[in-house]
Number of protein chains: 2
Amino acid sequence: MKLTEAKQQFISSWGAFGTHWGINRTMAQIHALLLVSPDPLTQDDIMEELNISRGNTNMNIRELINWGLVDRVLLPGERKEYFTAEKDIWKVVKQIVKERKKRELEPMLQLLDKLEEVEGDKRDKHVKSFVDTVSGIKKLGRQADKTLDTLVKAEESWFISSLMKVFK
Amino acid sequence: MKLTEAKQQFISSWGAFGTHWGINRTMAQIHALLLVSPDPLTQDDIMEELNISRGNTNMNIRELINWGLVDRVLLPGERKEYFTAEKDIWKVVKQIVKERKKRELEPMLQLLDKLEEVEGDKRDKHVKSFVDTVSGIKKLGRQADKTLDTLVKAEESWFISSLMKVFK
DNA sequence: TTGTATTTTCAATAAATTTTGAAAATTCGG
DNA sequence: CCGAATTTTCAAAATTTATTGAAAATACAA
């Protein structure tokens, strides 16, 4: 397979992959393109490679920067902005985990705390079932939260070798 | 907070949560409703509680059954079908991990295997950058695959206590 | 400054996804 | 079987989400 074709397949399936994870297709595709590009690219490079409009490109680059996955690069003597993606996949994973934990897991745990204190007689099976479910989710959620905290701080090599021992 | 309100909040935020994970709102809401219901419900119960159409209800229940998260229950002497959700959250998580691994991670790893064999001179920085990125993702992906395999087989108590030791 | 290159915004449009509801298919007691 | 109850299907409609492109804002060299 030629590089051009391989690159396109990679970008396209990274885009499809993203849609299963709440990330829009274009954002994932731009990320994929930057991941495999040896040098920083401009907005125009990205527009051309992916055949998307200027506005779309701009918004999604901005979003990738918010996620901490892409950085602006200023090349000396160049007027245009260049963009580059973090290439260390372990760092990318940690960054995504960190953001999603903050945006999704933590608010959910806060809500569950409130919901667990629902009024009513625990002998009522409707109340009991609700409280039991909420408690169960909360317990696992808190565990996940702690585990992910540690993962976010971990070095790749340490992480992998530790897991190898536990999950032998 | 009253049970009715708490239930609605739970269902609604579980639905929103789902949309960040590639699951549609209604499917997640039906799942949430069944999770907190002490007894099995019929399609009509679900339609009424969530204010959704029969077709929508039916399709999403079917999808939840495909995911192994909901079971059909036949009550003796009743013509209608009843539905119930697995209440053990650990089992729910394992089931979801198992399905997503099969549907998303494994196909991605297969693709990366192919893409890694791209033609071209490794001294060309474009080729090198592509191969390095793909290899990096593949390596981490394979590790995740193994880890998740073990997780899927694990008991909750074992899982939690092991992780507590590693991530001290 | 001023003029031009570049980036950003956002209302309008397009595309994708979800939902509806009525018709068709199926199930099952009598 | 028959017929009513129940489930399933799916084309059309509604809704949500993504994309465009042109205008406005900004940045910067001269």
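What you see is a predicted model, and the numbers here were worked out from it, not measured in a lab.
Residues from residues 31-39 of chain A with heavy atoms under 4.0 angstrom of DNA chain C: there are none.
Following rounding to the nearest Å, A/Asn58 (CG) and D/dA18 (P) show an atom-to-atom distance of 17 Å. Atom CZ of A/Arg25 and atom C1' of D/dT19 are 13 Å apart (whole Å). Atom pair B/Asn60:CG and D/dT7:C1' shows a separation of 15 Å (rounding to whole Å applied). Atoms CD (A/Gln43) and C1' (D/dG21) sit 14 Å apart, rounded to a whole Å.
Remark: A/Arg62 pairs with no residue by the salt bridge (charged side-chain N to carboxylate O under 4.0 Å, His left out) rule, at least two apart or across chains. Legend: residues meeting salt bridge (charged side-chain N to carboxylate O under 4.0 Å, His left out) with B/Arg72, ordered by chain and number and at least two apart, are B/Glu81. Shown here are the side-chain contact (heavy atoms from CB on, under 4.5 Å) partners of A/Ala28, two or more places apart in sequence or in another chain: A/Trp14, A/Ile23. Under the salt bridge (charged side-chain N to carboxylate O under 4.0 Å, His left out) criterion, A/Lys87 pairs with no residue at all, not counting sequence neighbours. Judged as a side chain to side chain donor-acceptor pair (under 3.5 Å), and not counting sequence neighbours, the contacts of A/Lys101 are A/Glu106, A/Asp145, A/Asp149. With sequence neighbours excluded, the residues that form a side chain to side chain donor-acceptor pair (under 3.5 Å) with A/Arg103 are A/Glu99. Evaluation of the side-chain contact (heavy atoms from CB on, under 4.5 Å) rule for B/Ser12 yields no partner, not counting sequence neighbours.
When each of B/Asp44 and B/Asn56 is assigned the nucleotide of DNA chain D bearing its nearest heavy atom, the one mapping closer to the 5' terminus is B/Asp44. The 5' end of DNA chain D is approached more closely, in terms of each residue's nearest nucleotide, by B/Gly55 than by the other of A/Thr26 and B/Gly55. Mapping B/Ser53 and A/Phe83 onto DNA chain C by nearest heavy atom places A/Phe83 at the nucleotide closer to the 5' end.
In terms of modelled atom types and a separation under 3.5 Å, the side chain of B/Trp90 and the main chain of B/Ala154 share a donor-acceptor contact.
Contacts between chain B and DNA chain C, taken as any atom within less than 4.0 angstrom of a protein heavy atom, begin and end at C/dT18 to C/dC28.
Contact annotation for B/Asn24: backbone-only contact, meaning every heavy-atom pair under 4.0 Å involves sugar-phosphate atoms and none involves a base.
Taking Ile, Leu, Val, Met, Phe, Trp and Tyr as members and joining any whose side-chain heavy atoms lie under 4.5 Å apart, directly or through other members, B/Met59 forms no hydrophobic cluster with any other residue.
With 3.5 Å as the limit, one finds a donor-acceptor pair spanning the side chains of B/Thr42 and B/Asp45.
Residue pairs satisfying the side-chain hydrogen bond (donor to acceptor under 3.5 Å, both in side chains) criterion with at least one member in residues 46-55 of chain B, sequence neighbours excluded, are listed as follows: B/Asp44-B/Arg54.
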N/O to N/O distances under 3.5 Å, protein versus nucleotides 1-6 of chain D:
none

